[in-house]
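Here's the structure, in structure tokens; my notes come after.
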Amino acid sequence: MISTQLIIFCINPRCNNPINPMGDSVCASCQTPLVHRYLWATGSLSAQISPGTKVADRYEVIKQQIWLDTQPGLPPDVPEELPTAVIPYLRLYQERLHLPQAYGFASNLEEDEDTTDILLLENAPIDKTGNIYPTIVEAWEQATAVRQVYWLWQILQLWTPLSELGLSHSLLLADNLRVQGWCVRLLELYQTPADEKLSLQNLGECWQFWVVSAKASVAKGLQNIVQQMCETEIELEAINIQLNNLLLAAAAELPLVLKVAGSTDIGPIMAQNEDACYPNTLSDLDEPLLRHLSIVCDGIGGHEGGEVASQLAVQSIKLQIRALLAEVTEQTGLVPPELLQEQLEASLRVVNNLICARNNEQKRQGKERMATTIVMALQVPQRVQTSTGWQSNNTHELYLANVGDSRAYWITRNYCQLLTVDDDVATREVRFAKSLYRKALFRPDASALTQALGTRNSESLRLKVQRFIVEEDGILLLCSDGLSDNNWVEQSWQNYAIPVLTGQLTIEDAVRNWINLANEKNGRDNTSVVLTYCRVSPEYIVPVTPALPEEIIEAEIQEEEEELQEPTSFTESSQTLLDLDLDLGIPEEPILSPDIPPTLITKPNRGKRLVMLGGVLALLVGGTSLGLFAWWQINPQGFQQICRQLPQRVQQLCLPGE
């Protein structure tokens with residue numbers, strides 16, 4: 001049917017007058033933010049539906065295959081038995097930064113019983129006004145050298161997971177590859193025809209038309225890589241190494257100035273704070289890690305539990321990262337991304353086992369066991385020879401890891417991107433292809449956690465460390481769910497981040513503003529916020545002679561550090577009681593009957609107690625290599641025995657529970 005009035009419904013189920021004109025930002029009746037959820041309608045049938053049509057009395061066709069859900073508060077239609085075509089979207093949910101996700105189905109178009117259901121995709125490359133993002137081909141010539149290489153590197157990382165599900169054909173269709181700034185995003189997934197066996201040669205043939213017009217500083221390197229892909233049976237790993245080296249060399253041409261500030265707040269209701277973050281206190285000002293490491297932890301476990309776990313995680317990670325960066329500095333060549341990712345995974349397993357050991361030592365069982373979520377970001381300053389031949393002191397690499405539901409966002413003047421995936425029941429249901437995400441959200445336990453550090457041994461953790469390249473001005477926001485709940489970051493980022501990016505607000509004030517928003521909107525919880533302002537803008541480069549670029553960049557960084565104000569520091573606090581589905585032993589393929597209800601673990605009362613590894617770990621780390629990580633991981637009891645042989649004052653730092 002043809003729509004006569006463009007309206008959108010408020011998502012607040014208690015709203016007395018939920019009908020609003022499409023395009024309004026808040027509901028006129030209850031002031032709830034209105035959700036404009038644009039969807040990509042797949043298939044040839046949807047392409048034939050004219051703009052202005054309203055489908056299923058719900059979806060407004062804005063442009064060809066771009067639909068707006070005018071009733072976003074209602075669950076989409078989903079058949080009881082999920083069609084085969086939707087399964088790959090569910091299996092690849094962890095790649096949601098690059099891939100769209102199944103939203104629901106539209107059926108019975110114009111009362112035609114023979115009409116095939118149309119699969120609707122959310123998280124498609126469509127902006128907030130309903131316009132599709134450009135293809136790589138359209139944006140290629142205007143892109144910087146580093147962004148051109150970065151786009152190809154992202155496609156290469158997607159090659160293996162898509163190939164394993166027979167979807168590599170999706171990466172060969174130029175119109176399917178869209179870009180939102182730095183990020184490559186696919187419109188939809190296409191099954192590779194059964195009679196085709198695609199290889200890197202096919203990918204290289206697709207790329208060769210682009211690299212002809214690549215920027216001069218990377219053109220020769222890209223052409224050499226593509227030639228190898230097209231003419232030889234080269235392994236994916238070899239291409240990956242070459243492309244990574246070219247990417248790091250191109251990124252290192254840019255300056256990089258980092259400013260970091262963070263804070264944790266008790267909130268207006270809770271009596272204690274189980275959150276912890278880095279940086280937070282005044283003592284962090286002189287730390288060598290300040291520009292490179294940021295952490296947010298949200299503790300679980302009640303009085304003398306959650307806050308202990310979160311503080312233990314922060315202090316342990318800091319010590320391990322000091323050792324890691326020290327070893328990276330000593331390397332004469334580039335440390336491969338895979339090795340750095342493995343080391344960060346090992347660090348998280350160490351933290352997990354340290355908290356587990358404390359639980360076992362105190363004989364904590366079930367709901368009494370302490371644990372913590374974590375989201376952490378590490379900027380690794382490796383040295384590399386740039387594309388134009390001079391030695392840079394920073395490769396612009398950023399590594400990101402999370403366990404639980406604490407989140408990371410990348411925010412620029414034009415967009416806000418959620419970088420992490422929550423470890424909760426709703427996500428688990430999608431990954432196991434049991435449910436579409438929007439349907440899973442209606443489960444009463446949808447937000448219960450499926451992973452946290454400290455509940456079980458490290459073998460039960462399913463970890464993923466992501467790696468990014470900082471090649472544009474932006475803000476990395478890490479936060480606990482005290483801020484991210486109810487999508488307040490997505491709804492308000494422009495008001496809180498753009499003033500920082502335009503120089504109208506300091507990051508310290510921005511941290512305080514974000515926390516004030518959390519206390520106002522999600523006030524039943526603690527909140528932790530850490531912001532890292534990353535600046536690479538060419539206008540900030542001081543003209544230099546070719547012989548001294550590194551010294552000048554170091555001087556600029558030092559100048560920026562002197563301007564950095566003290567991080568905001570608030571009172572320690574706590575967060576709301578939360579049910580946990582600690583089903584950490586579930587393998588990638590479910591082995592339990594879906595009819596068996598999950599075991600829920602609640603967060604009991606919380607108290608005030610700090611655990612600091614402090615001096616003893618500093619002593620141990622100072623004289624050892626990364627092998628120490630493995631020792632902590634496999635033998636926490638042995639580590640405690642060593643601590644007991646140290647002077648009593650040091651024992652108190654290491655084993656304060658005794």
Side-chain angles (χ1 to χ4, degrees), residues 1-41 51-63 66-77 101 103-104 106 120-124 126-131 267-269 407 409 411 414-418 426 436-444 446-447 477 479 481-499 513-525 527 576:
M1 59 175 289
I2 300 299
S3 173
T4 57
Q5 182 183 10
L6 300 182
I7 61 172
I8 192 164
F9 284 76
C10 176
I11 62 172
N12 181 0
R14 295 180 295 275
C15 182
N16 294 324
N17 185 17
I19 299 177
N20 293 268
M22 194 180 76
D24 284 5
S25 58
V26 297
C27 176
S29 176
C30 67
Q31 301 303 303
T32 299
L34 295 174
V35 175
H36 291 73
R37 186 172 295 136
Y38 291 97
L39 309 170
W40 179 253
T53 304
K54 198 164 190 178
V55 179
D57 200 30
R58 173 172 181 170
Y59 301 104
E60 191 77 42
V61 181
I62 305 300
K63 297 177 181 178
I66 297 177
W67 296 7
L68 175 69
D69 187 355
T70 64
Q71 301 184 56
L74 299 180
D77 289 335
Q101 294 302 317
Y103 182 72
L120 303 177
L121 303 177
E122 64 176 320
N123 192 44
I126 302 171
D127 68 18
K128 61 184 179 181
T129 62
N131 293 309
I269 293 180
R407 291 182 172 184
Y409 295 85
I411 305 174
N414 300 316
Y415 49 77
C416 172
Q417 297 166 323
L418 174 60
L436 271 61
Y437 183 69
R438 293 293 165 181
K439 183 178 181 180
L441 286 179
F442 281 84
R443 292 174 55 115
S447 62
L477 164 63
C479 65
D481 61 348
L483 174 60
S484 62
D485 273 356
N486 301 310
N487 298 316
W488 280 108
V489 174
E490 290 88 342
Q491 293 174 16
S492 60
W493 63 271
Q494 290 172 304
N495 296 330
Y496 292 84
I498 290 182
N513 291 348
W514 278 115
I515 288 178
N516 289 341
L517 174 71
N519 287 340
E520 177 186 352
K521 302 298 184 179
N522 295 330
R524 300 185 61 83
D525 205 349
T527 299
T576 52

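Scope of the values below: all heavy atoms of this structure, side chains included, with no hydrogens, waters or symmetry mates.
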When you compare the side chain of Leu74 with that of Phe9, does any pair of heavy atoms fall below 4.5 Å?
no

Which value, rounded to the nearest 0.5 Å, describes the distance between Asp485 atom CG and Arg407 atom CZ?
7.5 Å

CG (Leu477) and OG (Ser484) are apart, to the nearest 0.5 Å, by 9.0 Å

State, to 0.1 Å, how close Gly73 and Phe442 come at their nearest heavy-atom pair, and which atoms those are.
O-CZ, 4.1 Å

Rounded to the nearest 0.5 Å, how far does CD of Gln71 lie from CD1 of Ile11?
13.0 Å

Polar side-chain atom of His36 near backbone of Leu68 as donor-acceptor pair, under 3.5 Å:
no

Please report the shortest heavy-atom distance between Ile66 and Gly130, naming the atom on each side.
CD1-O, 3.5 Å

If you define the side chain from C-beta out and look only at heavy atoms, does anything of Thr32 sit under 4.5 Å from Cys15?
no

Check step by step if side chain to side chain contact (heavy atoms under 4.5 Å, CB included) holds for Glu490 and Tyr409.
CA-CA 9 Å; Glu490 290 88 342; Tyr409 295 85; 3.3 Å; yes

State the CG-CD1 distance between Leu483 and Ile515, to the nearest 0.5 angstrom.
8.5 Å

Output, in order, the C-alpha distance, side-chain angles, deciding distance and verdict of side chain to side chain contact (heavy atoms under 4.5 Å, CB included) for Lys521 and Asn486.
CA-CA 9 Å; Lys521 302 298 184 179; Asn486 301 310; over 6 Å; no

Asp77 side, atom CG; Leu436 side, atom CG - distance, nearest 0.5 Å
11.5 Å

Heavy-atom side-chain contact between Leu34 and Cys10 under 4.5 Å
yes

For Cys27, is there any backbone N or O sitting under 3.5 Å from a side-chain donor or acceptor partner on Asn20?
no

Run the side chain to side chain donor-acceptor pair (under 3.5 Å) test against Tyr103 and tell me which residues pass, sequence neighbours left out.
Arg37, Asp69

Within the structure provided, determine whether Trp67 and Ile62 are in side-chain contact (heavy-atom separation under 4.5 Å).
no

Quick check: do Trp493 and Ile498 have side-chain heavy atoms less than 4.5 Å from each other?
yes

Whether the side chain of Glu60 engages the backbone of Ile8 through a donor-acceptor N/O pair (distance < 3.5 Å, no angle test) should be reported.
no

Can you measure from CG (Asn487) to CG (Asn522) and round to the nearest 0.5 angstrom?
9.5 Å

Mind listing the closest non-hydrogen atom pair of Leu441 and Ala446 along with its distance?
O-CB, 3.6 Å

Measuring only between side-chain heavy atoms, which start at C-beta, is Thr70 closer than 4.5 Å to Lys54?
yes

